[in-house]
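Structure, as structure tokens:
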Number of protein chains: 2
Amino acid sequence: MSLEFAILGFLNYHPYTGYDLKKIFDGSVRHFWPADQSQIYRTLANLTERSLVQMEKVPQEDRPDRKVYHINDLGRNELRKWVAGPAPLDEPRSAPLIQVFFSGMLTDEEILQKFEGYAEIMRMILARYDQVPDQLGPFQQEITSPREHFFWLLTLENGLVSMRASLAWAESIIERIKSGQVPQK
Amino acid sequence: MSLEFAILGFLNYHPYTGYDLKKIFDGSVRHFWPADQSQIYRTLANLTERSLVQMEKVPQEDRPDRKVYHINDLGRNELRKWVAGPAPLDEPRSAPLIQVFFSGMLTDEEILQKFEGYAEIMRMILARYDQVPDQLGPFQQEITSPREHFFWLLTLENGLVSMRASLAWAESIIERIKSGQVPQK
DNA sequence: TTACTATATATGATTTATCCTATATATGAG
DNA sequence: CTCATATATAGGATAAATCATATATAGTAA
């Protein structure tokens with residue numbers, strides 16, 4: 001479960017609450033790992049039970065009390081072991097490609113519309129990539145090291161090059177459709 | 001749930017058993033939708049219960065009886081509606097990118113090894129793409145239409161361009177590491 | 001006999017994620 | 001008052017997937 005390692009990774013920078021972590025995920029890694037609030041809390045509870053982190057309760061006056069989580073040495077060792085380890089098996093599924101696969105049953109007009117829709121979504125996603133650096137928010141405090149910044153940018157870069165390749169693919173298909181290169185029914 | 005639509009899509013070509021479908025998935029769409037046998041059977045049962053398909057039992061002598069599933073008009077309409085519909089929300093997660101994100105904690109040697117490992121895996125995946133056409137097997141009978149073939153090739157093309165982009169990304173990082181462009185700890 | 005293959009059909013137990021709901025403190029706007 | 005925001009914490013119900021197990025028919029090889 002990679003969420004647990006992402007959480008450990010962030011706690012290795014600084015102790016955080018579940019609420020902090022949600023904001024940090026949204027600001028730094030959402031482009032390749034969106035984190036659900038429920039899952040964050042569940043994972044923190046699980047990490048605590050397995051003694052990879054410690055929870056410190058911090059009373060507040062005008063707001064609910066905070067539960068700040070601290071990584072410990074065991075957690076740190078597990079994190080390092082995983083980060084240094086082999087690439088996790090990664091077999092992503094793409095539901096849009098199932099649609100593409102069975103597109104032959106549609107009219108050429110419908111297919112053209114479909115690919116124009118895909119291309120539009122991809123452009124929006126690419127535009128979102130441009131905004132990621134502006135949304136770091138609280139995590140900006142942690143990426144002060146040029147080294148951390150470098151690796152974070154690499155994840156952005158990967159998203160960008162993949163999405164650009166997919167957009168070029170979609171645009172090329174749109175051209176092929178328009179120039180009548182799709183075999184007829 | 002896209003598996004259900006992939007199954008309906010294949011049944012729209014021809015009635016199949018669960019066992020057939022598993023082989024067909026492995027031969028045609030595994031590169032973007034690997035299908036688990038358990039899930040296939042569960043999904044077929046679900047589709048049957050929802051009256052989108054009908055099941056016909058076919059006795060055999062030297063082998064266990066077959067359960068052949070037929071799509072009906074309701075199933076066909078649902079399929080077409082989905083295929084023509086908007087792109088399903090697609091937020092894939094990449095566990096390897098979490099490793100990349102926290103790589104700064106490793107030594108440069110470890111990082112180099114890691115990226116060389118990623119690049120190797122990507123090359124293997126690209127090599128696998130070259131083999132997909134040879135593995136169509138029973139599904140070859142269905143893609144007789146140039147149109148169906150065209151859309152199937154588009155899914156391969158998408159996988160290829162994305163994976164090539166990611167490999168180029170990994171190789172460029174390897175070069176950057178070797179030429180000392182990674183900020184120090 | 002075991003181990004492997006093939007043809008065929010499943011189900012169990014578990015995990016992760018989603019989307020909903022809930023609780024509490026506070027503020028502001030209609 | 002309701003709805004929205006913010007700070008904070010959760011849990012419920014459900015779905016999909018994984019990996020294991022199981023059943024049955026058959027065959028081959030060691």
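So you know, we letter chains A, B, ... as the sequences are listed, proteins then strands, and number each from 1.
Distances shorter than 4.0 Å separate some side-chain N or O of B/Gln39 from OP1 or OP2 on D/dA17. OP1 or OP2 of D/dA10 has not a single side-chain nitrogen or oxygen of A/Tyr41 nearer than 4.0 Å. At D/dT7, none of the side-chain N or O atoms of A/Lys22 fall inside 4.0 Å of OP1 or OP2 (strictly under the cut-off).
Within residues 46-71 of chain A, the residues that have a heavy atom under 4.0 Å from DNA chain C are, in order of number, A/Asp62, A/Pro64.
Within the nucleic acid shown, B/Thr43 has no heavy atom closer than 4.0 Å to any nucleic acid atom.
Evaluation of atom-type donor-acceptor distances gives no pair under 3.5 Å for the side chain of B/Gln37 against the base of D/dT18. Between the side chain of A/Ser38 and the base of D/dA10 there is no donor-acceptor pair of N/O atoms closer than 3.5 Å.
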Could you pull out all donor-acceptor pairs under 3.5 Å where a side-chain atom in residues 119-127 of chain B meets a protein atom, sequence neighbours excluded?
residue	atom	partner	partner atom	Å
B/Glu120	OE1	B/Arg123	NH1	3.3
B/Arg123	NH2	B/Glu171	OE2	2.9

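Taking atom CZ of B/Phe25 as the reference point, atom P of D/dA17 lies 10 Å away to the nearest angstrom. Following rounding to the nearest Å, A/Asp36 (CG) and D/dG11 (C1') show an atom-to-atom distance of 12 Å. In this structure, B/Leu44 places its CG atom 13 Å from P of D/dA17, rounding to the nearest Å.
When DNA chain C is scanned in the 5' to 3' direction for atoms under 4.0 Å from non-hydrogen atoms of chain B, the outermost contacting nucleotides are C/dT7 to C/dT18.
With a 4.5 Å cut-off on side-chain heavy atoms, B/Asp108 and B/Gln184 count as touching.
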